[in-house]
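Data block below; observations after.
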Amino acid sequence: MRIAVIGAGPTGLAAAYALSGRGAHVVVFESAPVSGGMARTVTAGEERIEAFYHHIFTSDEALVSLAEEIGLGDRLEWLPPRNALYSGERLYPFTTPGDLLRLGALPLMDRFRLGLFVLAARRVRSWEHLEERTAREWAVETGGKRVYETIWKPLLASKFGDYADQVGATWLWNKTKLRGSTRGKGQGREILGYFRGSFGVLYDTLTARIRAAGGEVRLNTPVLTIRSLSATPQEEGMLFVRTPEGEDPFSKVLVTTAPAELARMAPQLPEGFREQLTDIPHQANLCALLELSRPLSPYYWITVADEEFPFVALIEHTNLLPPTRYGSSVVYLSRYLSPSAPLFRADDETVAAVFLDGLSRLAKTVERTSPGRMRWDPSFLKRIRIFRADSAQHVATRGYGKRIPPHRTPIPNLYLNCMAQIYPEDRGQNYAIEQGLRSPEILDFSGRSAP
């Protein structure tokens, strides 16, 4: 059986790997020149590194199990980060529960309320009662208005823009629960995982396994249309995938891109289903990758809870991994925004100037209010690159669970399996891989087990 998989991100490659293992002849189509999706890699010095920052949590069992299955378990490194929170013009350590109690951005009583909010989130076992509530409503009720205004409001605004007040409580619950579940045994701090050699090693190995099983991974091959044609009995149920290179027939087609892309590729879909696909809002991501001659701060992850800055997170990758691997200190600056926002559409030079100006203002403020915790000078910059993803984050608004499109589309043998269908969990490599590995079940394809 020939099966087409559209998209060579984590979900697509995991799906193709799983289907190949059942005996299908799989062809993966990817419009980009490299695989990996938002986990694609570039180089810093002589080392590969993700264009968009990545790590995994101790609770990411699907990814860890897959790595062990394909012989990469020993490439995973587990490391303790140091994190911080920027709020009220100050930078606060924010790694352990004790740091929460010392968080000067909030009065003492509100620090306890924030702690109670985190505990309440971790104790939620059934999330359905949160479905019809917004994150704002739930956060104010559970942690208080001042905690919401100081911590959650600027973060939601920076990540979701105009949709901030519509984001569902389920999203905030899951994010809070996830960060609390990634502690090392007997430790009060996070433990994060990273692949020695980058996550690209994982996706390269999956690609090699797919090809070894007789499958194909076609890069630089955008899908123009997917059409159903039943002109003859022999073609009954067949789907035809058209690319700039021509048209190929398949027994089944699995689309792993954003839902709106499926609507574009398959014009034969009924209008009502197309609307269901295109009505899911997405935020884009702008990510600046900086290579510096010296460290910027002692922290791995700085959450910027201030809407005045052009980025919501500053991730100093080489405060988790040693800078000797890259020949530089490596820093990411990340911003979510509408795909139609002028900054997202601006050229790289404009975006770099905006981000570097924000970094300069942040460093000056921190040096004034929290001396010794950040140092920046433009002379530190060796290189800056800008990366974009126009469907980086689907917006899980209130009641989102009822609006998720099904895997099976109205066109026979055409399926959707993408990150916008991951719920109540949020997007991430682990859930994307877990979703991909379920593809034989989603396609109702038992096939045969690989020898």
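Because the structure is predicted, anything quoted here is derived from the model rather than measured. Positions are given from 1, in the same order as the sequence printed here.
With respect to Glu69 and Arg209, no salt bridge is recorded, no charged nitrogen being found less than 4.0 Å from a carboxylate O. The pair Arg325-Glu77 counts as a salt bridge, with a side-chain nitrogen and a carboxylate oxygen less than 4.0 angstrom apart. Looking at Lys402 and Glu131, no side-chain N of the basic residue comes within less than 4.0 Å of a carboxylate O on the acidic one, giving no salt bridge. A salt bridge does not link Lys145 with Asp110: none of the charged nitrogens is closer than 4.0 Å to a carboxylate oxygen. By the 4.0 Å N-to-carboxylate-O rule, Arg398 lies close enough to Glu137 to be salt-bridged with it. Salt-bridge formation is not detected for the pair Asp99/Arg82: no Lys NZ or Arg NE/NH1/NH2 atom is positioned less than 4.0 Å from an Asp or Glu carboxylate oxygen. Electrostatic pairing of Arg146 and Glu149 does not count as a salt bridge here, judged by no charged N lying under 4.0 Å from a carboxylate O.
No donor-acceptor distance shorter than 3.5 angstrom exists from the side chain of Gln283 to the backbone of Val395, with no hydrogens or angles considered. In this structure, Arg111 contributes its side chain and Leu100 its backbone to no donor-acceptor pair below 3.5 Å. No side-chain donor-acceptor contact under 3.5 Å links Thr170 to the backbone of Pro424. Checked by atom type and distance alone, the side chain of Ser439 pairs as donor or acceptor with a backbone atom of Gly436 at under 3.5 Å. Using a distance-only test at 3.5 Å, with no hydrogens or angles considered, a donor-acceptor pair links the side chain of Asn319 to the main chain of Tyr299. Side-chain N or O atoms of His25 include one that pairs as donor or acceptor with a backbone N or O of Gly214 at under 3.5 Å. Listed for the Glu291 side chain is no donor-acceptor partner under 3.5 Å among the backbone atoms of Ser329. The closest donor-acceptor contact from the side chain of Lys252 to the backbone of Leu443 lies under 3.5 Å. Using modelled atom types, one side-chain atom of Arg125 and one backbone atom of Arg122 make a donor-acceptor pair closer than 3.5 Å. Using a distance-only test at 3.5 Å, with no hydrogens or angles considered, a donor-acceptor pair links the side chain of Arg75 to the main chain of Arg196.
In plain terms, the two heavy atoms of Leu224 and Thr243 that are nearest each other are CD1-C, 3.8 Å. Here the closest non-hydrogen pair linking Leu437 and Ala18 is O-CB, 4.0 Å. When all heavy atoms of Ile49 and Tyr332 are compared, the pair lying nearest together is CG1-OH, 3.2 Å. Taking every heavy atom of both residues into account, Leu269 and Ala263 meet most closely at CD1-CA, 4.4 Å. Smallest separation of non-hydrogen atoms from Leu13 and Gly36: CD1-N, 4.5 Å. Minimum interatomic distance between Trp78 and Ile191 (heavy atoms only, all atoms of both residues): CB-CG2, 3.8 Å.
With sequence neighbours excluded, the residues satisfying ring-ring contact (aromatic ring centres under 6.0 Å, His included) with His394 are Tyr400. Taking Tyr17 as the reference, nothing meets the ring-ring contact (aromatic ring centres under 6.0 Å, His included) condition, with sequence neighbours excluded. Scanning for ring-ring contact (aromatic ring centres under 6.0 Å, His included) contacts around Phe160 gives Trp171, with sequence neighbours left out.
Checked against a 6.0 Å centroid threshold, the rings of Tyr148 and Trp138 do not count as neighbours. Between Phe199 and Tyr194, the ring centre distance stays below 6.0 Å. For Trp127 and Tyr423, the gap between ring centers is short of 6.0 Å. Ring pair His55/Tyr300: centre-to-centre distance below 6.0 Å. Aromatic pair Phe250/Phe240: centroids not less than 6.0 angstrom apart.
Using a 3.5 Å distance cut-off with no hydrogens or angles, the side chains of Ser334 and Asn285 do pair a donor with an acceptor. Between the side chains of Asn220 and Glu30, not a single donor N or O lies within less than 3.5 Å of an accepting N or O. A donor-acceptor pair shorter than 3.5 Å can be found between the side chains of Glu190 and Asn83.
Within a 6.0 Å radius of CD in Glu307, more than 12 heavy atoms belonging to other residues, nucleotides or ligands are found. For Asp348, the CG atom sits in a packed shell: over 12 heavy atoms of surrounding residues, nucleotides or ligands are nearer than 6.0 Å. Around NZ of Lys159, the count of heavy atoms belonging to other residues, nucleotides or ligands within 6.0 Å exceeds 12. Heavy atoms from other residues, nucleotides or ligands lying under 6.0 Å from CG of Asp347 number more than 12.
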Report the C-alpha separation of Phe273 and Thr409 in whole Å, then their side-chain angles, then the decisive distance to 0.1 Å, and conclude whether the side-chain contact (heavy atoms from CB on, under 4.5 Å) test is met. CA-CA 8 Å; Phe273 190 80; Thr409 78; 3.9 Å; yes
Please determine whether side-chain hydrogen bond (donor to acceptor under 3.5 Å, both in side chains) holds for the pair Gln393 and Arg427, giving the CA-CA distance in whole Å, both sets of side-chain angles, and the decisive distance to 0.1 Å. CA-CA 7 Å; Gln393 171 76 61; Arg427 68 190 179 93; 2.6 Å; yes
Start with the C-alpha distance between Arg40 and Tyr203, add both sets of side-chain angles, then the distance that settles side-chain contact (heavy atoms from CB on, under 4.5 Å), and finish with yes or no. CA-CA 9 Å; Arg40 66 184 182 271; Tyr203 301 115; over 6 Å; no
Step by step, would you call Arg345 with Ser340 a side-chain contact (heavy atoms from CB on, under 4.5 Å)? CA-CA 7 Å; Arg345 298 299 177 188; Ser340 61; 5.7 Å; no
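The cationic group of Lys175 does not satisfy the cation-pi geometry with Trp173, failing either the under 6.0 Å distance to the six-membered ring centre or the 45° limit from the ring axis.
With respect to Gln435, the side chain to side chain donor-acceptor pair (under 3.5 Å) criterion is satisfied by exactly one of Asn417, Asn430, Thr11: Asn417.
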